[in-house]
Structure formats: C-alpha cells, structure tokens
Amino acid sequence: MASARLAFPAVLTAAALAGGALTALSAPAAAEPATAPCSPHKDTGTASWTGHAELGDELERLERRSKGALEVEVAGRSGRGREIWTARVGEGPRTVMVASEIHGNEKTGTEAVLSLLRSLSGPSKQARELREQVTVVAVPKMNPDGSELDRRGNDRSWSDVVDDFPQLEGAPPSWNHYTGELQGDDYSQRPGFDVNRDFNPDLDYVPDPADLPGDSASPGWFVQPESQAVRDAYVALAEEKGGVDAYIDLHHQGSCYQDENGEFWVDLSLSGNFLPEQGSPEWERKYSEYDDVYDNEFSRQLNLAAYDELQSYGESNFGDVTLYPQEQDLPGTALASFALNGSGTVLFEVRGQTQSWGSKQRGRLVTTVERGLTAVVEGVADGSARNLDPERYDDIPATAR
C-alpha cells in the first residue's frame, strides 16, 4: 500500500495551527518575552487548556463523529477517582501508544493528541489508509489529578499507597514522593508523586518493601493508579498485536533553561535514550537480560522521523529542535521500562512548564508537538522510519545546558 500522509500546509504561516491537521488555522500566539520568569506567576494559562471534564466531552464527541473509527474506554481511575481515558483508532498490524500529561503541568501534548485523533479518525483517504496500517492507542491525560492542580505530581499520600498495598506498611516512602514546596505548589498540604518514576520493566512486578525507597537509577513499583492504568493498556495492546512498536511520551522541560542573554535555548528536545549505552559496563551489570528485545536503533529512527519533519518547515516556524541529554539511567520511567520490553521510544520535551509561559506561544508549541508526533505515527504505519539512517541521530544538535 502506498504511504499515507495526513495533509498539512506546505509552509506554516504566522497563524500557527492550534487545532488538528485538518482544521482551520488559528490566530497567532503572542510572542514570549525573553525575560519570562522562571519562578511561578499568575498566568498559568489554565483556561486555555483542555481540562478533565472538557476532555471527556471532546473524546465522546470525537467517538460519535468517527462513526466507529475511534473507540474511547476508561483504562483506570486516578487517586482521586477521575477517569484515565484511552482513545483507540485504527486496526493495522503496526502499533503506537502515546501518552501525555504524566506531569500535570505539561499540557501541550494533550492538545496535540486530540488533534492527532481528530485527523486519524476522520473520513479522508489518508486517514482511512493510515487506519489500515497502524493501531494507535492514546492516553491524552495520564495524570488528571495533577492536571487539575496544574502541577507535576499527582494528588496522593504515602498512606494512600499503603492502603492499596498493605505489604508496604512500615517501609519508607518512595524517593519520588513530594511532601514539601516544589515548583510553586505546596505538597506539604497535598502530597503527591512523580508518576514517571513509578514504572518497572518487569510488567508483572509486585511491590516489595525491600525495593523502597529506591532512587532515580532503580525501577519503580507500579503503586500509583495512573502508572498501573498505562501499564495495563500497554500490556493489553502488546498481547493483542504481538508487541507495541512505538511508545511516545509528551513532556515539557524545566522553565529556567535560558542562556546568558535570557533567551530560551530550544523550542523542543527529543530523545530515544533513557538507559546506559547497550554493551557498556553499566548496561551489562543491570540490563543484559534485555539484549534480545531492546531496540535502540528503532528509537533513534523514530526520533529522526520527528526531527526531519520539523526541520522540513525551517527554523522560522519551529525554532531550535535539539537532542535531550542522553543515556541517563532512568528505568523507572515509562519510556525506559517500555523500551526494555521491545518498543521504540520517543520523548518530546517542549520548553517550560505552564507556570513559566502560561498560554504564550501555545499555538506554535502545540503544533510543533503535533507535527512531530504525526510524523512518528506515519513512519511506523508505512515502515518508512525503518529506512532512516540511525547514525544521523547523533547529528541532532545537543541541548546546550
């Protein structure tokens, strides 16, 4: 079958696209001042983002409009009982899973995912062809409690964890438990966890008090309902299709990444490396059992698919796209855990959290993620990503910290 491409304008004009690929162009976003503060301020842009209830309404509308092309399910519930939805589109043999807002103040990905779902579930010839090639399962808002609070962590205490896992009674809280002042939110009043450190490459792992409190270079425990929901959706898709080809995680990076002139360094960073280099002493010590399934070459190719797509529009449209710091040892992240289970992985990190730029630059940054995300999905769908030279990954400019 010929390659199917979702339609985009050949050149992005000043009216940056804020909606889906097949929707009208929006008004231009306001320019972000070079002196945008790193400390929290009042303009978090909350009103401009899709809230939890709005997301439910929009997913219901898309499902109804799709006439069977899109299926929405409740994959689980957050610590405070909010739905964690999955949206599935396509029936092809190749598989992509994408998640956004594992950190609740990193919201551009949710808007980009909704745009992708609108496009993929639509009636166009390109969309129909893609649905025959690929199955996409999206988690548009993985951490709804954190999202409603506009903060990184979820809304959950260590005693809540122990209530769910009595065997952890008396164990020290996990190292990713937020209980004090952090990023402008008082976790001493409403504690929470960094959900993106709660994953484990052993998808059947049962929490063991001997593994606590852990650290950033150790696997997580699947003690948060949000990570459990995503794990279960991943496992179900892998069992149905024989694996998950690609897992994409949509994030923002810290607000203070500015140069000596106060300019933000990048618009977007990408990465496919969340573990030590395969074959290195550290890899051999910790991860050699995964040698037969780990496919970092494919991760590099998938990142190149996103990078090449964004570069094709020129820097005037999407600014600097760089490579996120490489070969960190983060087995507790969703990306590393799923990479060790054989998935190609892509990290998107757009500039800042909502507290650092609010709704400013919203349209352009959402579009940046949407274009790169769509390119990865298409590269998996038609197999073209496999034809990219993985060695070019190292030519992507590094984020200059």
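Between atom CD of residue E226 and atom CG of residue D145 there is a gap of 6.0 Å, rounded to the nearest 0.5 Å. The line from OG1 of T179 to CZ of F193 is 9.5 Å long, rounded to the nearest 0.5 Å. In this structure, CG in N341 is found 8.5 Å from CG in D202, a value given to the nearest 0.5 Å. Note that the CG atom of L59 and the OG1 atom of T50 stand 9.5 Å from one another [nearest 0.5 Å]. To the nearest 0.5 Å, atoms CG (L130) and OG (S124) are separated by 8.0 Å. Separating the CZ atom in R392 from the CG atom in N303 is a distance of 11.5 Å, to the nearest 0.5 Å.
The backbone N or O of N105 sits nowhere less than 3.5 Å from a side-chain atom of R151 that would complete a donor-acceptor pair. K241 places a side-chain N or O within 3.5 Å of a backbone atom of G92 that can act as its donor or acceptor partner. Under a 3.5 Å cut-off, the side chain of N296 and the backbone N or O of G272 do form a donor-acceptor pair. No donor-acceptor pair closer than 3.5 Å links the side chain of D194 to the backbone N or O of N176. A donor-acceptor contact shorter than 3.5 Å is absent between the side chain of N200 and the backbone of Y205. Side chain of S119 to backbone of S115: a donor-acceptor contact under 3.5 angstrom is found. The main-chain N or O of A381 is found under 3.5 Å from a side-chain atom of R94 such that the two form a donor-acceptor pair. Between the S337 side chain and the P331 main chain, a donor and an acceptor come within less than 3.5 Å of each other. Judged by distance alone, the side chain of N196 and the main-chain N or O of I102 form no donor-acceptor pair under 3.5 Å. At least one donor-acceptor pair closer than 3.5 Å links the side chain of Q328 to the backbone N or O of P325.
In this structure the side chain of T368 never reaches within 4.5 angstrom of the side chain of F348, judged on heavy atoms. A heavy-atom distance below 4.5 Å is not found between the side chains of V346 and L373. P144 places none of its side-chain heavy atoms less than 4.5 Å from the side chain of E83. Proximity of R197 to W175: side-chain heavy atoms (C-beta onward) are separated by under 4.5 Å at one or more points. Annotation: side chain of Y324 is not in contact with side chain of L270 (no heavy-atom distance under 4.5 Å). Under the 4.5 Å side-chain criterion, counting only non-hydrogen atoms from C-beta, S157 is in contact with D160. The shortest side-chain heavy-atom distance between D150 and W49 does not fall under the 4.5 Å cut-off. V380 places none of its side-chain heavy atoms less than 4.5 Å from the side chain of T95.
Using a 3.5 Å distance cut-off with no hydrogens or angles, the side chains of S269 and T322 do pair a donor with an acceptor. With no hydrogens or angles considered, no side-chain donor-acceptor pair links S343 and T345 at under 3.5 Å.
Among R156, R82, R80, the single residue meeting the side chain to side chain contact (heavy atoms under 4.5 Å, CB included) criterion with P225 is R156. A salt bridge (Lys or Arg N to Asp or Glu O under 4.0 Å) with R88 is found for exactly one of E240, E63, E73, namely E240. Just one of R118, R65, R64 meets the salt bridge (Lys or Arg N to Asp or Glu O under 4.0 Å) condition when paired with E58; it is R118.
Scored by the ring-ring contact (aromatic ring centres under 6.0 Å, His included) test, F199 finds F222, F338 as partners (sequence neighbours excluded).
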- Message: Is there a salt bridge (Lys or Arg N to Asp or Glu O under 4.0 Å) between K125 and E129? Walk through the geometry before answering.
- Response: CA-CA 6 Å; K125 179 176 183 291; E129 289 179 355; 2.4 Å; yes
- Decide side-chain hydrogen bond (donor to acceptor under 3.5 Å, both in side chains) for D395 and Y307; before the verdict, give the C-alpha distance in whole Å, the side-chain angles of both, and the deciding distance to 0.1 Å. CA-CA 11 Å; D395 295 335; Y307 180 75; over 6 Å; no
- Message: If you apply the rule side-chain hydrogen bond (donor to acceptor under 3.5 Å, both in side chains), what do you find for Q278 with D291, and how did you get there?
- Response: CA-CA 8 Å; Q278 192 171 13; D291 276 334; 3.0 Å; yes
- Item | Evaluation steps, side chain to side chain contact (heavy atoms under 4.5 Å, CB included), between L347 and T333 | CA-CA 11 Å; L347 169 70; T333 62; over 6 Å; no
- Could you please spell out the steps behind the side chain to side chain contact (heavy atoms under 4.5 Å, CB included) verdict for V134 and E378? CA-CA 8 Å; V134 68; E378 291 175 343; over 6 Å; no
- Message: Under the criterion side chain to side chain contact (heavy atoms under 4.5 Å, CB included), I'd like the reasoning laid out for V161 against Q224: C-alpha separation, chi angles, the key distance, then a yes or no.
- Response: CA-CA 7 Å; V161 172; Q224 304 303 324; 3.7 Å; yes
- Trace of the side chain to side chain contact (heavy atoms under 4.5 Å, CB included) decision for R152 with E106: CA-CA 8 Å; R152 180 181 180 88; E106 302 180 2; 3.7 Å; yes
- Could you please spell out the steps behind the side-chain hydrogen bond (donor to acceptor under 3.5 Å, both in side chains) verdict for S384 and N387? CA-CA 5 Å; S384 60; N387 297 324; over 6 Å; no
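Classification of D245 and R386 as a salt-bridged pair fails, no side-chain N sitting under 4.0 Å from a carboxylate O. A salt bridge does not link E297 to R300: none of the charged nitrogens lies less than 4.0 Å from a carboxylate oxygen. Salt-bridge formation is detected for the pair E101/K141: a Lys NZ or Arg NE/NH1/NH2 atom is positioned less than 4.0 Å from an Asp or Glu carboxylate oxygen.
Among residue pairs with one or both ends in residues 59-104, those qualifying as ring pair (Phe, Tyr, Trp, His ring centres under 6.0 Å) are H52-W85, H103-H251; sequence neighbours excluded.
Contact record, G109 with S100: C-OG, 3.1 Å, taken as the closest heavy-atom pair. L302 and A246 get closest at one heavy-atom pair: CD1-CB, 3.7 Å. The two residues I396 and L323 come nearest to each other via the heavy atoms CG2-N, 3.7 Å. Between N143 and G104, the shortest heavy-atom distance links the atoms ND2-N, 3.8 Å. Across T110 and P140, no two heavy atoms sit closer than the pair OG1-O, 2.7 Å. What you find for S121 and R131 is that their closest heavy atoms are C-NH1, 3.5 Å.
In the displayed structure, D394 atom CG is contacted under 6.0 Å by more than 12 heavy atoms of other residues, nucleotides or ligands.
Relative orientation of the H177 and W158 rings is tilted, given thresholds of 30° and 60° on the angle between their planes.
Separation of the Y294 and W283 ring centroids falls under the 6.0 Å cut-off.
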